[in-house]
Protein chains: 2
Amino acid sequence: MYDVAARAGVSTATVSFAFSQPGRVKQSTRELVLATAAAIGYVPSASARGLAKGTAGAIGLYSFDYQLDPGEADLRHFPLYVDVVQRGVQLECRRRGYALMLGAGHKDGDLPAVIDIAGRVDGLIAFAGSAPSEAIIQVSKRIPVVELGSGIAGDDVHTVAVDNRTGMTELTEHLLQVHGFRRFVYLGQSRLPEFSSRYDGFAAALTTAGLPVPEPAHSQPGEDAGTESVVRGYLDELPDVFVCSTDQEALVAIDTLVAAGIDVPGQVAVTGFDGILAGQFATPRLTTVRQPMEEIGRSAVRILAGLLDGTAQPDPAQLHAPFVLGTSCGC
Amino acid sequence: MYDVAARAGVSTATVSFAFSQPGRVKQSTRELVLATAAAIGYVPSASARGLAKGTAGAIGLYSFDYQLDPGEADLRHFPLYVDVVQRGVQLECRRRGYALMLGAGHKDGDLPAVIDIAGRVDGLIAFAGSAPSEAIIQVSKRIPVVELGSGIAGDDVHTVAVDNRTGMTELTEHLLQVHGFRRFVYLGQSRLPEFSSRYDGFAAALTTAGLPVPEPAHSQPGEDAGTESVVRGYLDELPDVFVCSTDQEALVAIDTLVAAGIDVPGQVAVTGFDGILAGQFATPRLTTVRQPMEEIGRSAVRILAGLLDGTAQPDPAQLHAPFVLGTSCGC
DNA sequence: TTGAAAGCGTTACCAC
DNA sequence: GTGGTAACGCTTTCAA
């Protein structure tokens with residue numbers, strides 16, 4: 001910038017104005033500055049601008065740090081839930097002129113990685129469970145934060161939530177009423193609030209039907225080996241249906257069962273949750289609850305943008321997640 | 001940071017050292033600083049750090065500014081070529097501890113948007129054709145730049161290139177030799193080098209076979225209406241095959257033909273280029289040339305990382321794009 | 001092992 | 001309409 005100013009024979013203030021407040025500078029001066037800048041290849045430093053203005057012009061998205069083997073993407077591993085949500089975030093950022101800073105997982109040093117990303121942006125979106133809540137709360141005191149998936153109580157953390165419970169209840173009722181299933185295995189985790197409400201929805205339907213509610217068989221999405229071994233434990237005595245807390249786990253379950261020579265849904269049904277593409281193209285097609293993934297990402301950006309430009313709206317209510325029929329339930 | 005220093009009774013230099021050079025600070029001092037920082041919710045400013053260190057710790061990815069209607073993602077619009085490449089970039093950035101800054105398209109003001117992104121990062125990856133070459137060249141004088149898809153000649157711009165030509169030649173030879181096609185329509189653009197080499201590969205195969213080479217019927221990926229109307233122009237006099245320069249256009253072509261009551265590949269064959277998922281799940285399954293999309297993204301990051309940490313390797317040769325048989329060619 | 005202080009490249013306030 | 005210049009919050013050199 002000093003070079004531009006020197007070559008154009010003006011002050012740095014004028015260079016700055018020429019770019020940021022075109023009206024404040026004489027037309028001819030402005031053209032001179034712009035031309036000079038182009039001539040010497042001026043690339044303004046966003047760091048300096050950010051420091052001076054106190055605003056970065058960017059939004060951050062913090063995700064899980066799942067490391068994948070190099071190897072081309074297949075439908076089974078992409079796009080998953082987080083990928084489609086990210087797409088929504090991306091599109092909405094683009095529409096509003098925000099740059100998007102992506103971060104995830106490990107960072108050397110003593111600050112949690114999420115703090116590192118937070119320091120670079122004007123507002124942060126984080127998947128629930130991707131970072132320690134203390135860190136999220138800490139960040140939320142400096143910049144607006146939206147958490148995806150019901151999560152941290154109160155404080156300054158905004159949330160984009162999906163009604164997981166109702167969707168899972170509807171799905172379970174379908175299994176009870178249409179298929180007459182009675183022996184259920186619930187496969188998944190129930191630690192994060194988002195997942196526990198799925199389990200709750202499942203439990204509610206069984207309770208209403210006067211059936212006992214089984215404990216969840218613990219499994220984690222993304223840890224296929226673990227899911228597989230849990231499913232194997234049921235090969236000798238199959239339930240009527242495996243109700244899984246995510247599509248990823250449901251697809252692994254189906255694979256495991258089929259590999260063991262079991263017919264799905266003939267001998268045992270399987271259901272998922274999320275509505276990822278792989279489920280739609282699986283055989284049998286997965287019965288599931290479809291999250292509005294792209295819309296989740298978009299609303300998160302909308303909330304942040306509102307907070308940042310002062311036109312904040314009340315946070316939207318929970319988004320609806322419809323139950324979607326496939327063939328894996330026996331339909 | 002001043003607050004942390006004050007509360008901990010040390011200087012700002014010590015706070016800085018406590019985080020960045022643990023060894024230089026007495027253990028007890030360091031713990032004190034870290035605890036104080038956590039207590040008051042210290043979130044370091046990346047702008048300030050970037051300005052002081054002259055390095056941002058982030059890599060930028062600049063993409064096309066295609067605006068999509070809100071509406072949930074379907075396989076037909078996601079993931080496309082750019083999405084999978086981006087995934088590769090993301091994974092590799094994650095592995096190496098770089099934050100990823102995403103940017104695209106319009107920015108108010110007088111600087112091209114790509115310059116804005118460039119000012120925020122240590123190295124930039126840009127899709128060929130997504131930004132004006134002058135801007136790319138300008139940026140490349142300040143920070144390392146990798147362009148995806150053969151593009152800008154010489155200069156400081158690095159390139160990750162795919163051998164588009166060979167793939168298209170192989171595909172065309174298949175159409176000639178196995179199917180005996182003689183009447184070809186080439187559908188697509190040939191402006192960008194990347195696309196023109198596809199056309200060249202097509203032309204080479206025809207020339208070798210002693211056939212005349214038709215001019216391309218102009219169409220752009222992403223502009224479905226245009227593609228559709230071009231295809232409609234051939235309904236009265238169908239060729240043996242539509243050779244399309246991208247899968248996106250090929251899928252639109254198939255839709256258009258089928259909608260007109262024409263059997264594909266019975267009455268006319270259609271082929272694509274890229275290897276996107278939608279092609280694999282289309283009916284008929286698309287015969288195409290598969291780009292190593294994820295690997296393209298990964299190598300771009302590798303090149304940048306090498307340049308940035310001084311371990312620069314010579315740029316890799318062109319990546320191979322294999323010809324992939326589907327059923328849309330009549331096989 | 002720690003502190004003082006000089007940058008880093010902008011912006012924006014205040015004069016002129 | 002334009003120029004001087006004090007921030008902005010951090011890193012890093014040099015001294016202590």
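Lettering of chains follows the sequences in order, A, B, ..., and the numbering in each one begins at 1.
Comparing Ser20(A) and Arg24(A) along DNA chain C, the residue whose closest nucleotide (by nearest heavy atom) sits nearer the 5' end is Ser20(A). Of the two residues near DNA chain D, Leu51(B) and Thr29(A), the one whose nearest nucleotide lies more 5' is Thr29(A). Take the nearest nucleotide of DNA chain C for Phe17(B) and for Met1(A): the residue whose nucleotide is more 5' is Phe17(B). Two residues, Gly9(A) and Ala48(B), neighbour DNA chain D, and the one matched to the more 5' nucleotide by heavy-atom proximity is Gly9(A).
Phosphate contact (OP1/OP2 of dT2(D), side-chain N/O of Thr14(A), threshold under 4.0 Å): absent. OP1 or OP2 of dT11(D) sits under 4.0 Å from a side-chain N or O of Ser16(B). For the OP1/OP2 pair of dT11(D) and a distance below 4.0 Å, the side-chain nitrogens and oxygens of Arg49(B) include at least one atom meeting the criterion. Neither OP1 nor OP2 of dG9(C) sits under 4.0 Å from any side-chain N or O of Ser45(A).
Nearest to the side chain of Gln21(A), among dG4(D), dG9(D), dA12(C), sits dA12(C). Nearest nucleotide to the Val10(A) side chain, out of dT1(C), dG3(D), dA12(C): dG3(D). Closest to the side chain of Lys53(A), from the set dT11(C), dG9(D), dT2(D), is dT11(C).
Salt-bridge annotation for Arg298(B) and Glu295(B): absent, with no side-chain N of the basic residue lying under 4.0 Å from a carboxylate O of the acidic one.
Using a distance-only test at 3.5 Å, with no hydrogens or angles considered, no donor-acceptor pair links the side chain of Gln21(B) to the main chain of Gly23(B).
Under the side chain to side chain contact (heavy atoms under 4.5 Å, CB included) rule, Phe127(A) has a single partner from Val82(A), Leu192(A), Ile296(A), which is Val82(A).
Protein atom CD of Gln27(B) is 16 Å distant from nucleotide atom C1' of dT2(C), rounded to whole Å. Rounded to an integer number of Å, the gap from CG of Leu32(B) to P of dT1(C) is 16 Å. Rounded to whole Å, the distance from CD1 on Ile115(A) to C1' on dC10(D) is 17 Å. For the pair Phe19(A) CZ and dG9(C) P, the computed distance is 16 Å after rounding to whole Å.
Arg142(B) CZ: more than 12 foreign heavy atoms inside a 6.0 Å radius.
A 4.5 Å side-chain heavy-atom check between Phe19(B) and Leu34(B) finds at least one atom pair inside the cut-off.
A donor N or O paired with an acceptor N or O is found under 3.5 Å between the base of dC10(D) and the side-chain atoms of Tyr2(B).
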